[in-house]
Novice: 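Pasting a structure below so you can have a look.
These values consider heavy atoms only, across backbone and side chains, with no hydrogens, waters or symmetry-generated copies. Within every chain, numbering begins at 1; the chains are lettered A, B, ... in the order of the sequence lines, protein sequences first and strands thereafter.
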Amino acid sequence: MSVIPLPSGRNVPPAAAPGGRGASALPWLAVPALVFFVGFGVIPLIGVLLLSFTSWDGLGDISVTGFDSWRAVLADPGLPHALWVTFLVMALSWLVQTPASILIGVFLAGQQRYRAVLAVLYFIPLLLSSAAIAITYKALLDPNFGLGAGLQIDVLVQDWLGEPALAMGVVIFVVSWQFIPFHSLIYQGGVRQIPRSMYEAAELDGAGRVRKFFSITLPQLKYTVITSSTLMVVGSLTFFDLIFVLTAGGPGDATRVLALDMYKRGFQANLMGPASAIACILVLVGLVLALLLRRLGGRDASASQLEGA
Amino acid sequence: METRTTSRRTFLSLSMGVPLGAALAACGSDGPTRPGTAASTGGGGGGSSATYWYLSTQPQEGVRTRTMERFNKANPNGTIEGTTFQNDAFKTKIKTAIGAGQAPTLIWGWGGGTLRSYVQAGQVDDLTPFFEQNQQLKDRLFPSSFGAATIDGKIYAMPCETMQPIVLYYDKRAFEKIGAQPPQTWGDIMDLVPKFNAKGIAPFSLGGQSRWTNMMWLEFLFDRIAGPEVFQAVFDGEKDAWSHPAALDALGKMQELIKANGFVKGFSSITADSNADQALLYTGKAAMMLHGGWTYGSMKTDGGDFVSGGNLGYMNFPPVDGGKGDPGNTVGNPGQYMSISSKATPEQKEIAKKFFSTELVSDESVKDWVGTGAVPIVKGADSAFAGSPDAEFLNFVYGIAVNAKSFAQSWDQALSPTAAEVLLDNISKLFQLSISPQQFTSNMNAVIGK
């Protein structure tokens with residue numbers, strides 16, 4: 001430690017001190033995270049990539065078959081369909097979740113006490129497991145024994161999970177129901193970061209609620225929107241459990257997303273090679289989307305938005 | 001200094017141990033449950049015990065647990081440790097466990113294509129010598145049940161539990177309502193459909209999301225129209241076997257029935273695992289249901305007085321007008337199967353073989369199975385039916401199984417897992433009317449022999 005006592009320490013920010021405690025400790029703090037990332041992220045990823053060049057039924061010996069699995073997957077008309085369904089789920093769930101989350105987030109960012117209670121209530125769906133949510137909705141939507149039939153409300157008696165379009169709608173609804181709380185929380189945090197002074201200035205200029213929302217809140221939330229959207233988009237690639245329990249990809253293959261397609265090939269049809277190829281495609285799609293969203297947010301997307309305020 | 005270290009160690013062990021312990025405990029309560037092991041697994045480390053995974057559906061689970069418990073009581077030095085799973089979870093779990101070399105000693109299953117994949121991977125023991133030494137045991141079981149256990153002339157699994165042909169169930173009350181008789185031919189079925197729909201009763205219940213439920217219809221239609229040879233050709237890997245004219249005929253007939261609203265509204269979102277399809281029958285919402293013999297037991301337990309009140313009727317699938325198949329034929333599960341993992345220790349294998357030759361098909365187990373309304377695969381099991389309240393149904397099933405010229409194994413069990421998945425997928429699309437019979441046959445021809 002060669003910290004020279006400075007006569008006026010106030011002028012030197014602690015983090016900027018060369019060889020200071022903070023600077024040298026930081027890389028070491030990243031080691032545990034790095035170890036876990038390599039152990040549970042990178043190594044399995046390499047394993048999957050290798051598996052995609054083999055033929056394996058999950059039971060016997062693994063034999064190397066080169067690009068056979070990739071050729072089989074890329075030639076399969078099921079792949080474009082699964083990709084289309086995946087993107088549809090992604091786009092629709094973004095369209096439903098984002099406006100709702102922003103509105104709820106802005107509302108919850110207020111200071112009154114009852115909002116804290118509401119925030120807890122809103123948050124409950126996120127605490128439930130996807131499987132439990134899916135089973136519950138499946139029971140509620142059952143055309144013969146569900147909510148509609150029980151209360152004898154004819155509008156609710158639909159073949160919710162048996163018609164392709166309706167089933168897609170139900171999936172989007174249930175996904176949104178589960179994840180809007182999480183994104184609301186992000187937006188709530190974002191809104192609370194906006195300096196009060198901006199609102200005070202606007203109020204002096206005579207701006208109303210709506211004007212303040214569109215002219216201050218929304219522009220200030222730009223980076224929060226990008227963060228939340230990235231999480232939504234990349235997260236939607238991994239929707240599996242909920243759809244698996246709710247529709248099992250059906251009716252037919254109407255809601256068979258890529259992740260489900262991978263599972264079915266790997267663990268139901270015993271085709272680990274093609275399943276691994278799909279897993280690789282899934283990783284690629286996720287990477288490309290995340291990078292695109294970063295581009296969309298500009299270079300300084302990860303910088304603090306407070307600096308310009 | 002000393003105290004400091006201790007306290008940090010305690011802290012570490014707490015921080016590491018608690019979440020881990022909690023996670024493990026959560027696994028235990030969430031996933032598999034372990035019945036009947038409290039008495040048998042005491043004193044860790046002593047003799048090795050064989051492991052056994054089985055399905056948790058009642059009333060079958062109870063019989064399996066009691067059979068195992070009786071064995072453990074008689075053999076305190078070499079016991080079996082059981083774990084139960086749900087149906088679909090089990091299928092994935094057992095495959096993954098076998099692939100990872102973590103299989104239980106006793107591998108329970110349905111024989112056929114899945115067993116073949118275990119055999120090809122060298123994961124299960126050849127039991128032919130065992131059956132040669134235990135000829136009595138082999139003679140005790142129905143010969144037809146050995147078909148699905150035999151791969152390339154060798155027996156790899158012990159047939160056990162029950163014969164489960166697919167049966168056409170019907171609600172007598174529904175037929176009284178429309179003043180009609182149960183169908184004698186396929187034509188009768190098509191005639192009944194509008195009559196039931198007019199009365200607001202669904203003609204047939206179906207748990208279509210499970211997919212294999214739809215498959216039972218095709219199995220019967222194929223058999224009744226052309227006999228078991230058509231699917232046999234598929235099974236044997238003959239080129240373009242699905243293009244048989246009888247196949248197109250059967251698939252077309254199937255879609256006709258669906259288009260005529262033959263099935264309950266929303267059938268493609270109903271799963272069979274939750275028994276919702278059976279509930280539709282016993283609550284009077286549907287008039288008929290084509291389903292496995294195993295559903296009799298659950299309708300008896302769940303259906304109130306539906307079964308005990310004599311409202312449940314049952315029959316073999318009717319012939320199709322002009323069809324060549326023998327109307328006495330049946331399809332379904334000729335039995336359940338238990339193999340021995342080749343990765344098990346010699347002690348575990350001994351325990352498993354002892355279980356096979358003693359308790360698994362003992363008289364007491366037979367009685368227990370009969371008590372659930374099922375027919376054990378043991379010859380002469382009908383002698384145990386006499387006092388049973390279900391004697392009529394049991395004799396019916398026994399009669400089907402004994403008299404059937406062909407007792408075909410369920411297609412998805414007979415085929416390899418790869419081909420079965422494509423089959424189930426295409427069946428669900430066929431029932432969704434999103435592919436034509438021609439598309440179905442060409443999609444299926446592409447995976448013959450895979």
Side-chain angles (χ1 to χ4, degrees), chain A residues 55-62 72 75-78 81 129 131-132 134-135 137-139 141-146 148-149 157-164 166-167 170-171 244-256 260-261 263-275, chain B residues 30 88 91-93 95-101 103 113-114 117-124 202 205 208-211 263-271 274 276-277 279-280 283 285-286 412 416-435 443 447 450:
Chain A
S55 163
W56 186 38
D57 62 1
L59 292 171
D61 300 327
I62 304 176
D76 189 334
H81 175 80
S129 90
I135 291 173
Y137 271 101
K138 206 170 154 57
L141 295 171
D142 188 296
N144 299 295
F145 300 107
V157 186
Q158 303 284 340
D159 190 4
W160 290 108
L161 297 169
E163 297 284 339
L166 280 178
V170 169
V171 166
F244 183 60
V245 179
L246 205 58
T247 65
D253 53 7
T255 55
R256 186 185 293 185
L260 196 62
D261 200 47
Y263 172 81
K264 288 203 165 200
R265 280 176 211 252
F267 293 98
Q268 290 187 342
N270 276 11
L271 295 166
M272 290 296 171
Chain B
D30 251 13
D88 285 356
K91 287 181 188 168
T92 312
K93 173 87 183 172
K95 229 185 279 173
T96 318
I98 293 173
T114 310
S117 67
Y118 297 162
V119 171
Q120 282 165 347
Q123 298 283 359
V124 291
S205 175
Q209 199 188 89
S210 300
R211 305 185 299 176
F263 294 101
V264 65
K265 189 177 178 184
F267 72 86
S268 52
S269 61
I270 299 171
T271 51
S274 57
D277 46 356
L280 284 167
T283 56
K285 290 189 164 74
D412 59 338
S416 76
T418 307
E421 181 58 28
V422 179
L423 172 73
L424 291 170
D425 204 30
N426 277 285
I427 285 178
S428 93
K429 286 181 192 159
L430 183 87
F431 272 66
Q432 199 61 37
L433 304 176
S434 60
I435 55 170
N443 291 352
V447 293
K450 282 195 180 163

Novice: Using heavy-atom distances under 4.5 Å, tell me whether B:Val264 contacts chain A through its side chain, its backbone, both, or neither.
Specialist: side chain
Novice: Could you tell me whether the side chain of A:Asn144 reaches within less than 4.5 Å of the side chain of B:Thr283, counting heavy atoms only?
Specialist: no
Novice: Which residue out of B:Ala279, B:Ala420, B:Ala276, B:Ala202 racks up the most heavy-atom pairs below 4.5 Å with chain A?
Specialist: B:Ala279
Novice: So what's closer than 4.5 Å to chain B heavy atoms on A:Phe145: side chain, backbone, both or neither?
Specialist: side chain
Novice: Name the region of B:Phe431, side chain, backbone, both or neither, that has any atom closer than 4.5 Å to a heavy atom of chain A.
Specialist: neither
Novice: Heavy-atom cut-off 4.5 Å, strictly under: side chain, backbone, both or neither for A:Leu246 against chain B?
Specialist: backbone
Novice: Please report the interatomic distance CG(A:Asn270) to OG(B:Ser416), rounded to the nearest 0.5 Å.
Specialist: 8.0 Å
Novice: Check side-chain contact (heavy atoms from CB on, under 4.5 Å) between A:Leu271 and all other residues, then give those that pass, not counting sequence neighbours.
Specialist: A:Ala269, A:Pro274, B:Thr418
Novice: Which heavy atom in A:Gly162 sits nearest to a heavy atom in B:Gln432, and how many Å separate them?
Specialist: O-NE2, 3.1 Å
Novice: Identify which part of A:Asp61 has an atom lying under 4.5 Å from any heavy atom of chain B, answering side chain, backbone, both or neither.
Specialist: neither
Novice: Report the distance from atom CG of B:Leu280 to atom CG of A:Asp142, rounding to the nearest 0.5 Å.
Specialist: 7.5 Å
Novice: Which answer fits B:Leu424, side chain, backbone, both or neither, if we ask what part of it has an atom under 4.5 Å from a heavy atom of chain A?
Specialist: neither
Novice: Which atoms of B:Thr96 are under 4.5 Å from chain A, going by heavy atoms: the side chain, the backbone, both sets, or neither?
Specialist: side chain
Novice: Would you mind checking which part of A:Lys138 comes under 4.5 Å of any heavy atom in chain B, side chain (CB onward), backbone (N, CA, C, O), both or neither?
Specialist: side chain
Novice: If we define contacts as heavy-atom pairs under 4.5 Å, which of B:Gln123, B:Lys95, B:Arg211, B:Lys265 has the most with chain A?
Specialist: B:Lys95
Novice: Please identify, among B:Lys91, B:Lys429, B:Lys450, the residue contributing the most non-hydrogen atom pairs under 4.5 Å to chain A.
Specialist: B:Lys429
Novice: Chain A heavy atoms under 4.5 Å from B:Ser117: which part of the residue, side chain, backbone, both or neither?
Specialist: both
Novice: Tell me, do A:Asp159 and B:Ser268 make a side-chain contact under 4.5 Å, heavy atoms counted?
Specialist: yes
Novice: Hey, are the side chains of A:Arg256 and B:Asp425 touching, using non-hydrogen atoms and a 4.5 Å cut-off?
Specialist: yes
